[in-house]
Amino acid sequence: MSKWMGLFLAVLLAGCASVEKVDSGARAVGARLIFELDGAWNQVNLPGDGTAKVWTMEGLPIDRLLVYSGVKDGDEIAANPPGGNAGPARKSLRFRKGMQSDELVSLFETMLTRDGSIFKLERLAPSSFGGSRGFRFEYSLIRKSDSARLSGLGYGTVDRGELFAMLYVAPRLTFFPRHRQRVERMASSARLKAG
Amino acid sequence: MDRRTFLRYGCSCGLGLACAGTGFAATTTESGWQVPGRFTRPEISSDEGGLWALMDRQEKRMRRSPFAIRDAALREYVQGIACRLAGEHCPDIRVYLVHTAMFNASMAPNGMMEVWSGLLLRVENEAQLAAVLGHEIGHYLERHSLERLRDVKSRSAVAQVLGLFGGVGAVGQLALLAGMVGYSRDQERAADAIGSQLMSNAGYDAREAAKIWSNLLLELKARPEDDPAKSSPLFAGHPAPEERMETLARLGALAPGGSVGEQALREHVRPYRLEWLIDDVKRAQYEESLALFGRMLAHDARQADVLFARGEARRLRAKDEDLDAAIADYTLAAGIGGEPPETHRGLGMILRNRKMWTEARASFRRYLEVAPRAPDAEMVKSYIEEMGT
């Protein structure tokens with residue numbers, strides 16, 4: 001058993017985290033973002049995850065989906081980077097409604113590398129998300145804690161001054177290729193309610 | 001805390017007394033402090049042997065690590081400095097350069113030394129780098145990590161239980177505990193004194209040592225919200241920064257003169273400097289980065305890469321007059337020449353936000369001209385299209 005699986009289980013058993021199943025079908029995240037899921041996910045509620053909903057298929061040490069819904073101007077983007085070691089206390093990372101796509105990706109990059117992991121942007125292009133004009137990005141990550149090589153995929157948009165985004169990351173070999181299409185379908189299914 | 005964090009707080013071993021009779025003579029320095037003779041590998045069944053075995057495993061991981069910087073010329077350069085400082089211990093020291101944006105170096109009792117890229121970015125010359133390496137070698141020569149391990153063991157009731165299991169496993173647990181405790185302040189003071197002595201012996205100007213800490217303190221004090229002495233691991237376990245600077249300045253004054261080596265350091269880190277500047281901006285500790293970049297520019301105002309980095313930090317922080325200042329930095333960098341392509345992207349982003357379409361398009365087009373295969377090229381093209389012709 002990897003040390004991260006052990007840690008994950010320990011946190012769970014200690015009652016510091018809870019897990020809920022997210023079934024297939026139409027699922028709302030927050031007041032305005034809805035996905036049409038073609039398979040179940042597990043939502044993990046961890047202390048310190050703050051703004052993002054954290055979902056996983058294989059377990060957090062392996063894969064992780066962060067979903068941001070209705071993040072307002074000045075709100076903190078606060079999720080632990082993959083592997084769970086956020087390192088020493090860091091300055092808050094906050095969304096500002098005037099941020100452009102490059103700057104939003106840079107914000108996510110900073111969040112993902114707070115533990116010393118290395119991020120490389122592979123591609124950033126315009127894309128629709130939630131029916132709104134947004135962006136799609138692909139990245140690679142070398143996780144500091146165990147030097148694991150991960151691949152990542154993200155979508156985002158700012159609609160009516162609020163940020164909506166999803167970021168998925170999993171080991172480059174096996175797990176990311178296995179789940180990539182499902183994540184892409186989930187992103188395509190996203191729609192935003194008028195609110 | 002994992003093994004990597006343990007190393008981060010430094011780890012050293014000395015075996016001075018146990019080397020008596022091995023045939024390696026101790027060296028007496030001018031101050032009377034004796035450099036111990038070379039260490040021999042301890043018995044695996046001993047606590048020290050267990051510690052070395054733990055560090056040997058860590059070193060195997062480091063050799064394969066994607067975070068290791070594998071530039072042979074740069075590594076040999078830093079190894080050369082460590083060797084000059086360590087004297088006859090040189091064959092026992094192996095330097096690994098690590099791609100990590102923070103200021104740190106550490107040394108394990110088995111002779112493995114880690115030097116982080118954040119440190120290489122921050123030191124102004126070879127003498128300052130030698131000061132940090134000399135400090136870590138001081139911990140190694142005095143076996144401070146073994147002292148710490150034994151201190152934790154003697155105080156810890158847990159040790160009695162772990163002792164039942166024996167060997168490397170128990171030592172590993174204690175090593176982790178010891179890592180959490182950190183070196184004592186007396187050990188840190190001793191390492192500073194030894195480091196200063198080693199610098200002088202190797203021909204470096206020991207007065208440079210105090211400057212490292214004053215520079216670091218300026219960076220950390222730039223953060224408005226907290227006291228670096230309380231929040232930074234660099235200072236939290238060490239003597240108070242002011243005491244440290246005064247002591248190092250006094251030690252340096254005892255043996256003034258010696259080489260500084262600014263040009264040599266600059267030449268060796270040049271291929272990596274832009275990457276490390278960008279790493280620092282990405283930490284999003286903008287006040288610290290701005291203090292660092294300001295210091296670098298005070299030394300030489302015509303560094304296009306540093307101006308670009310300062311522009312990026314200001315643009316991303318976006319407080320008060322930051323955006324105007326960022327525009328000035330980007331413009332100056334472009335005027336000097338040799339600026340990174342992202343200079344034009346950064347400028348374009350600010351101008352786009354200000355709805356200065358003509359100027360923004362020009363900047364984005366320049367970015368795409370010099371970096372047509374940039375990963376965000378499609379995104380930047382879409383910005384241009386949105387702004388019309």
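Residue numbering restarts at 1 for every chain, and letters A, B, ... go by the order of the sequence lines.
Neither the backbone nor the side chain of A:Arg94 has a heavy atom closer than 4.5 Å to any heavy atom of chain B. No part of B:Glu288 comes within reach of chain A, as not one of its non-hydrogen atoms sits under 4.5 angstrom from that chain. When heavy atoms are compared at a cutoff of 4.5 Å, A:Arg96 approaches chain B solely by way of its side chain, counted from C-beta outward. With a 4.5 angstrom heavy-atom cutoff, B:Arg352 touches chain A only via side-chain atoms. Looking at A:Glu122, the atoms closer than 4.5 Å to chain B (heavy atoms on both sides) all sit in the backbone: N, CA, C or O.
Put simply, CD1 on A:Ile118 and CG on B:Asp279 are 7.5 Å apart, with the number rounded to the nearest 0.5 Å. Residue A:Arg133 holds its CZ atom at 4.5 Å from CD of B:Glu386, rounded to the nearest 0.5 Å. The CE atom of B:Met349 sits 8.0 Å away from atom OG of A:Ser101, with the distance rounded to the nearest 0.5 Å.
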Q: Just do the side-chain contact (heavy atoms from CB on, under 4.5 Å) check on B:Tyr383 and A:Gln100 with the steps written out, would you?
A: CA-CA 10 Å; B:Tyr383 296 155; A:Gln100 301 172 67; 4.1 Å; yes
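Annotation: cation-pi pair A:Lys144/B:Phe67 present, NZ/CZ under 6.0 Å from the ring centroid and within 45° of its normal.
Across A:Asp102, A:Ile142, A:Thr110, the residue that shares the most heavy-atom pairs under 4.5 angstrom with chain B is A:Asp102. Annotation: maximal heavy-atom pairing with chain B below 4.5 Å, among A:Glu103, A:Arg136, A:Lys120, occurs at A:Glu103. Of the listed residues (B:Ala374, B:Ser382, B:Ala377), the greatest number of heavy-atom pairs within a distance under 4.5 Å of chain A belongs to B:Ser382.
Nearest heavy-atom pair, B:Met379 versus A:Pro126, reported as atom, atom and distance to 0.1 Å: SD-N, 3.6 Å.
The number of heavy-atom neighbours closer than 6.0 Å to CD of B:Glu321, taken from other residues, nucleotides and ligands shown, is 12 or below.
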